[in-house]
Novice: 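Have a look at this one.
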Amino acid sequence: MPYIEVRGLTKKYGAALYALNHASFSVESGEWLAIIGPSGAGKSTLLNILGCLDTPTEGQVLIDGQDLAKLTAAERARFRAEKIGFVFQQYHLLPFLTALENLMLAQYLHSLADEAEAAAALGHVGLGDRVHHLPSQLSGGEQQRVCIARALINEPSLILADEPTGNLDEVNEAIVMSLFASLHRQGRTLVVVTHDPEIARTAERRLELHHGRLTEVSIQAHRDEELFDELLRAVWKVQEISAGRQVSTETLPEFSQSRATFHLLAAGGWVDLGEDQVALTPKGEQRALNIVRRHRLAERLFYDVFGLDASLLHESAHRIEGILNPEVADKICTFLNHPQTCPHGDPIPRGACCASPLTRA
Ligand code: ADP
């Protein structure tokens with residue numbers, strides 16, 4: 001049975017305004033779902049209904065087998081307190097309480113305040129040295145991390161987040177997304193509302209709302225890995241042309257389009273980010289080398305063996321490179337007698353199968 005089951009969910013305001021219009025979908029336990037759509041599409045309405053903060057006009061919501069409509073208001077509040085953690089775009093921290101006190105208040109509302117536990121929860125989101133700061137003394141990203149710690153205080157199995165990175169810069173956006181990724185690894189179910197396609201890409205599945213209707217459900221397994229590959233390849237290419245390790249972000253158009261993803265790459269140890277500079281780490285360099293090698297070998301294969309027109313090489317190679325693991329790439333390399341360059345004349349990085357050590361030819 002899915003963890004969340006939504007059937008024909010409708011929310012009407014007045015006679016004609018459908019904030020939600022017969023939306024149906026389900027979410028498996030441990031799944032990370034992004035809900036995207038333009039402003040006014042019904043995203044917050046949907047999230048509020050899932051979080052027992054609002055009730056539908058029509059339709060049904062089951063969470064963990066429980067039909068929300070069958071609960072009284074008091075039971076719904078209890079259900080929410082036990083199962084759900086909420087993260088909002090606005091932080092909703094009490095300004096006159098420190099980070100620690102804000103958490104202890106949340107604990108008190110759930111059961112009993114426990115200072116050591118609250119301090120540990122702040123430590124888990126990297127704020128161990130900020131416990132006695134007031135919200136005004138914390139950056140936006142730090143305040144959002146306090147909110148995440150607060151949302152986790154009751155150990156919820158379901159985390160609902162409404163534009164959690166809406167007010168953050170890219171670095172904090174990446175930190176908050178990494179926290180969500182670790183919650184996902186812990187097996188919690190995440191539903192994140194966002195209008196930012198880059199944030200939505202980090203989720204496992206994406207659901208699009210337009211005028212209260214569900215218009216698309218797309219599974220995007222491996223999408224971020226593909227984007228990571230693309231960005232590492234782009235850095236490699238600029239490095240190759242300039243023959244320098246540091247690449248100015250100005251010479252990398254991909255940087256401005258995927259800033260937050262570059263910060264995720266940095267968090268994963270694939271690149272080093274400096275002021276206006278990006279460089280591949282040794283690990284990133286090796287991954288980029290493999291990607292470039294696969295691509296150029298695939299181009300060579302299509303050109304030499306299949307006589308494909310040069311204008312079609314890039315696209316065709318792009319389509320198959322994802323399925324070439326290093327062993328298969330080495331086999332193709334040996335089959336082609338260890339070519340030095342791709343059909344466009346760019347060097348093919350040496351592989352384990354080539355006689356010379358790993359160099360860029
Ligand atoms: P989103 O979160 O995607 O921006 P919302 O769920 O906030 O969208 O809103 C969906 C639609 O419902 C909008 O047209 C909005 O104006 C309308 N709406 C939301 N709440 C109310 C309300 N309390 N009264 C009347 N209309 C509302």
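Note that ligands are numbered from 1 as they come in the structure, with each ligand's atoms numbered from 1 the same way.
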Novice: If the contact criterion is a heavy-atom separation under 4.0 Å, does P38 count as touching ligand 1?
Specialist: yes
Novice: Is there side-chain contact between P349 and N290, with at least one heavy-atom pair below 4.5 Å?
Specialist: no
Novice: Under a 3.5 Å distance rule, please check whether N48 uses its side chain to pair with a backbone N or O of L53 as donor and acceptor.
Specialist: no
Novice: Which atoms of ligand 1 are found less than 4.0 Å from any heavy atom of A41?
Specialist: 1 (P), 3 (O), 8 (O)
Novice: Measure from NZ or CZ of R287 to the centre of the six-membered ring of W270, then state whether that distance is under 6.0 Å and the direction lies within 45° of the axis.
Specialist: yes
Novice: How far is atom 12 (O) of ligand 1 from its nearest protein heavy atom, and which residue and atom name does that atom have?
Specialist: A19 CB, 3.3 Å
Novice: For atom CD of E75, is the number of surrounding heavy atoms from other residues, nucleotides or ligands below 6.0 Å larger than 12?
Specialist: yes
Novice: Look at atom 18 (N) of ligand 1 and say which protein heavy atom is nearest, naming residue and atom and giving the distance to 0.1 Å.
Specialist: Y13 CE1, 3.4 Å
Novice: Starting from atom 4 (O) of ligand 1, what is the nearest protein heavy atom, named by residue and atom, and what distance separates them?
Specialist: G40 N, 2.7 Å
Novice: At their closest point, which heavy atom of H132 faces which heavy atom of L100, and how far apart are they?
Specialist: CE1-CD2, 4.0 Å
Novice: Could you tell me whether R294 and D330 make a salt bridge, using a distance below 4.0 angstrom between a side-chain N and a carboxylate O?
Specialist: no
Novice: Looking at atom 16 (O) of ligand 1, would you say a protein heavy atom lies below 4.0 Å from it?
Specialist: no
Novice: State whether the shortest distance between N or O atoms of L17 and N or O atoms of ligand 1 falls below 3.5 angstrom.
Specialist: no
Novice: Is the F88 ring parallel, tilted or perpendicular to the H92 ring (thresholds 30°, 60°)?
Specialist: perpendicular
Novice: Check whether any heavy atom of S39 sits under 4.0 Å from an atom of ligand 1.
Specialist: yes
Novice: May I have the step-by-step check of side chain to side chain contact (heavy atoms under 4.5 Å, CB included) for S24 and V6, ending in yes or no?
Specialist: CA-CA 5 Å; S24 299; V6 171; 5.6 Å; no
Novice: At what distance is the nearest protein heavy atom to atom 8 (O) of ligand 1, and which residue and atom is it?
Specialist: G42 N, 3.1 Å
Novice: Note the single closest protein heavy atom to atom 9 (O) of ligand 1, along with its residue, its atom name and the distance in Å.
Specialist: T45 OG1, 3.8 Å
Novice: With heavy-atom distances below 4.0 Å as the criterion, list the atoms of ligand 1 near S44.
Specialist: 1 (P), 2 (O), 6 (O), 7 (O)
